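Note that the structure is a prediction, hence the values are computed from the model and not measured. Per chain, numbering begins at 1; letters A, B, ... match sequence-line order.
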2 protein chains.
Amino acid sequence: MPSLAEEGAERQLDRLFHALSDRTRRQLMARLALGEAKVTELAAPFDMSLPAVSKHIVVLEKAGLLRRRVEGRVHYCSLSPEALEDASDWIAFYQQFWKRRLDSLAQWLAKEDPKGEGAE
Amino acid sequence: MPSLAEEGAERQLDRLFHALSDRTRRQLMARLALGEAKVTELAAPFDMSLPAVSKHIVVLEKAGLLRRRVEGRVHYCSLSPEALEDASDWIAFYQQFWKRRLDSLAQWLAKEDPKGEGAE
DNA sequence: ACAATATTAAACTGAAAGGTTAAATTTTAG
DNA sequence: CTAAAATTTAACCTTTCAGTTTAATATTGT
């Protein structure tokens, strides 16, 4: 039933949410929000080996959240938060659904129980 | 440096994003958006054992995305998407950052290069 | 009391995640 | 040319994850 395009969208959401599910990677994004940085700079604050950070960077990159500009032997990383839109849209759907439900509830309460009497 | 409260917030984000990073769990949420359902009903569409689905439900529950109402031997599950707000807020920060950057870029372009001449 | 139903718990498996250290690669500087 | 610097690759380890199957635990209907 899932089309090929949906299939890809699902895998993208997998990658995206998985990328965001790790604290170290979220901290990397926080650092990058301040501006471009070399891999070594990114790794410095972490109590973790450079290859470990390098792998996290790759995860963010594959999720489309990080761009890399290679200049000689140094790799400059920067945030690419457009990718967040997919995650954001997915979440928004459920929030909107929830909001609608609350709205209906409010309407129902206003109609059926205008004085807020019968509480649970 | 991270306070105890932040520590907890981080773990909550871990749980939240991790819960969302699995396709089966997202499909469960999609089903639940349509309304409350028993565990067996939730499991039915999946080509997967009942215990497997049961575990997914627990993951969503621990992330705060799903509520369970036990009535005798049947467990009724429903969506609890308020929990999404934490994820949503986190994402919104980076999107806002991105938007600000685009705004500044637009301003800069409007100021420095009003005719859009110097391209790279 | 009994059998069927709804669900979780336990024990196991294979694969993926996140870390390590040591080597390979590429580029720059002297 | 050679040494140092910036990164990734490779090989490995341990833990977590997602799934399985088989049992255990309620609860309900007869």
DNA chain C contacts made by residues 51-65 of chain A, counting heavy atoms under 4.0 Å: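 By residue number: A/Pro51, A/Ala52, A/Lys55, A/His56.
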B/Arg26: salt bridge (Lys or Arg N to Asp or Glu O under 4.0 Å) partners, not counting sequence neighbours: A/Glu10, A/Asp14
Interatomic distance, [X] [atom1] vs [N] [atom2] [rounded to whole Å]:
{"X": "A/Met48", "N": "C/dT21", "atom1": "CE", "atom2": "C1'", "value": "15 Å"}
{"X": "A/Arg15", "N": "C/dA17", "atom1": "CZ", "atom2": "P", "value": "12 Å"}
{"X": "A/Leu50", "N": "D/dA5", "atom1": "CG", "atom2": "C1'", "value": "11 Å"}
{"X": "B/Asp22", "N": "C/dA17", "atom1": "CG", "atom2": "P", "value": "12 Å"}

Distance test, side-chain N/O of A/Arg23 to OP1/OP2 of C/dA17, below 4.0 Å: no
N/O (side chain, A/His18) to phosphate O (OP1/OP2, D/dT16) under 4.0 Å: no
Earlier contact from the 5' end, DNA chain C, for A/Ser49 and B/Val39: B/Val39
Pairwise 5' ranking along DNA chain C for A/Asp47 and A/Gly72, keeping only the more 5' one: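 So the residue in question is A/Asp47.
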Non-hydrogen side-chain atoms of B/Ser88 and A/Gln95 separated by less than 4.5 Å: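 Contact flag for B/Ser88/A/Gln95 side chains = yes.
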Student check: side-chain heavy atoms of B/Arg25 and A/Phe17 closer than 4.5 Å: no
Closest nucleotide among C/dT8, C/dT20, D/dT8 to the A/His75 side chain: D/dT8
Check against salt bridge (Lys or Arg N to Asp or Glu O under 4.0 Å), B/Arg67 and B/Glu36: CA-CA 10 Å; B/Arg67 275 184 50 218; B/Glu36 190 178 69; over 6 Å; no
Stepwise salt bridge (Lys or Arg N to Asp or Glu O under 4.0 Å) check, B/Glu71 with B/Lys38: CA-CA 10 Å; B/Glu71 203 163 298; B/Lys38 310 179 202 174; over 6 Å; no
Candidates B/Leu32, B/Leu28, B/Leu16, B/Leu79 - the one meeting side-chain contact (heavy atoms from CB on, under 4.5 Å) with B/Leu65: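 For B/Leu65, the side-chain contact (heavy atoms from CB on, under 4.5 Å) test succeeds with only one of B/Leu32, B/Leu28, B/Leu16, B/Leu79, which is B/Leu16.
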hbond_proxy B/Arg73 side chain to D/dA26 base (donor-acceptor, 3.5 Å cutoff): no
